[in-house]
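Numbered from 1 within each chain, the chains take letters A, B, ... in sequence-line order.
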Amino acid sequence: MAEQKKMVDAITSMEVDFAQWYTDIVKKAELMDYSSVRGCMVIEPYGYALWENIQRDLDDRFKELGHENVAMPLFIPESLLQKEKDHVEGFAPEVAWVTHGGSEPLQERLCVRPTSETLFCEHYSRVIHSYRDLPKLYNQWCSVVRWEKTTRPFLRSVEFHWQEGHTMHETQVEARQETEQMLGVYADFCESDLAIPVIKGQKTDSEKFAGAEATYTIEAMMHDGKALQSGTSHYFGDGFSRAFDIQFQGRDNTLQYPFQTSWGLSTRVIGGIIMTHGDDNGLVLPPAVAPIQLIILPIAQHKEGVLDKARELLGRLNKKVCRVRLDDSDQSPGWKFAQYEMKGVPLRLEIGPKDIEQNQCVIVRRDNREKYFVPLDELETRIPELLQAVRDGLYDKALKRRESMTYAVTTKNELKQTADTKPGFIKAMWCGEEACEDALKAEAGVSSRCIPYAQEHLSDECVCCGKPAKAMVIWGKAY
RNA sequence: CCGGGUGUGGCGCAGUUGGUAGCGUGCUUGACUGGGGGUCAAGAGGCCGUGGGUUCAAGUCCCGCCACUCGGACCA
């Protein structure tokens, strides 16, 4: 119990204050630090290593599907941003402007990109001439700036890192397929690699991206029942093409406008990992992206042979089996246990004199603290199995939690009461009118998260106005 | 942007009616230890967020600003 008490001292318990728990984790697990720029953070090595693994994994998937990486300018001239009406209306309130070069005022001010549709479009208008130039499947890894009023580490910062894919296609069908495909990539990445169950769906018109014809999303439920949009994919039709005058000569020798998509996933997903898997002992990382997948902790390390054995295991396992580190610092074992739990390392391998005698070691899972005595010559097979077991354990736990915190309702009173008393997702029918979304926002404090692909028929009428329902919507409070 | 809270060694905090800036932890050095945040000893470390004001004297009182944080509004 003394041990338990210290853990609670280290970070605020989720139950006591979820927001504070989150803040404690990002700091104590050394993912980020605050900077002197309001709302901007320093991503520390451990946090960045996590992001690099996410990047590598996603980047491989993108390239597998034929996408290429590019680098666009950081700045967007005001006139360029303004070419697409809805787009500029959506983003103008939160862009940062550069007005001077050195001490000279600029002729035209430049905004720091909040997203790069306009830059891609300008470029595409110059390089797309023929159907033979299509599709264009570009992606860029970069950071963007949105002047947010309220910021939180990873979840909403003024500057954030992401990837933005921007593609151009010959036909509507092809572009819609791309939109769909990339949403699928995100969903599979979240579920397989991050062990975060997501709901695929479409955003309502009021929630869709500025300038898009349709926005698709994957929504995840956090520990506190709030929703986190974890990735989005947009279908633009030919709206931007027309606004930016992008035309190509088609197979039939006529001039046509190409169809466009964009899709993005940001460092916000790190917040999603924390709030989906973390517990009161700290971070819990899904094995696929954990910077350290297994930590070797020597016990009684000053005793003859212990460190040698630990180093031997490090050389034998690291990179060949998984990402391994050895902590041979002079801290006590208890301190190290707590430390690597805080950092969310999926597996811990303990090796001490008693183990060496029996040619075995102890492996402990981070997600449930289950302990295994493993013969040293079985490590190559057992470690991958255990990493997989951690991933599956995390996923199942998250899925069960989401299911147990999702409620179906058919009346407005029921919805209000549920929203009031039970954190989580609410499934309810909707007529398609924005007025009903507004009403539910005002009366119950929930917004539409998405119109899920997996539709259910709960009733014939809109939960809000009673008119005929068009679709089932997931409602909830969101980050 | 509105409302609440907080700014004092790296971190967490105390600091009374204004009068010599403290504690815990961490850090450094050494010794003993080591299977859930070990023990002892000796050290280093501070423009009290910032700018004004009141006062013989401000960490403390007054005003402004900034940052962080919580809630809300806004928002990909």
Please state how far atom CG in A/Asp330 lies from atom C1' in B/rC27, giving the value in whole angstrom units. 14 Å

Distance below 4.0 Å between A/Arg348 side-chain N/O and B/rG35 OP1 or OP2: no

The side chain of A/Ala19 is closest to which nucleotide in this list: B/rG35, B/rC70, B/rG36? B/rC70

In whole Å, what is the span from the CG atom of A/Asp327 to the P atom of B/rG37? 16 Å

Would you sort out whether A/Glu357 and A/Lys354 count as a salt bridge (charged side-chain N to carboxylate O under 4.0 Å, His left out), showing the intermediate values? CA-CA 5 Å; A/Glu357 236 169 71; A/Lys354 284 182 250 171; over 6 Å; no

Using a heavy-atom cut-off of under 4.0 Å over every strand shown, decide if A/Lys354 touches base, sugar-phosphate, or nothing. base

Please classify the nucleic acid contact of A/Lys477 as base, sugar-phosphate, or nothing, using heavy-atom distances under 4.0 Å. nothing

Watson-Crick or G-U wobble mate for B/rA41, both contacts under 3.5 Å: B/rU29

Ignoring hydrogens and geometry beyond distance, is a side-chain donor-acceptor pair present between A/Ser206 and A/Glu434 at under 3.5 Å? no

Under 4.0 Å between any heavy atoms, over every strand shown, what does A/Glu350 touch: base, sugar-phosphate, or nothing? Just pick one. base

With a 4.0 Å cut-off on heavy atoms, is A/Arg152 in touch with a base, just the backbone sugar-phosphate, or nothing at all? sugar-phosphate

When both distances are under 3.5 Å in a Watson-Crick or G-U wobble arrangement, the nucleotide paired with B/rC61 is B/rG53

If you compare every side-chain N and O of A/Gln331 against the phosphate oxygens of B/rC27 (OP1, OP2), does one of them come in below 4.0 Å? yes

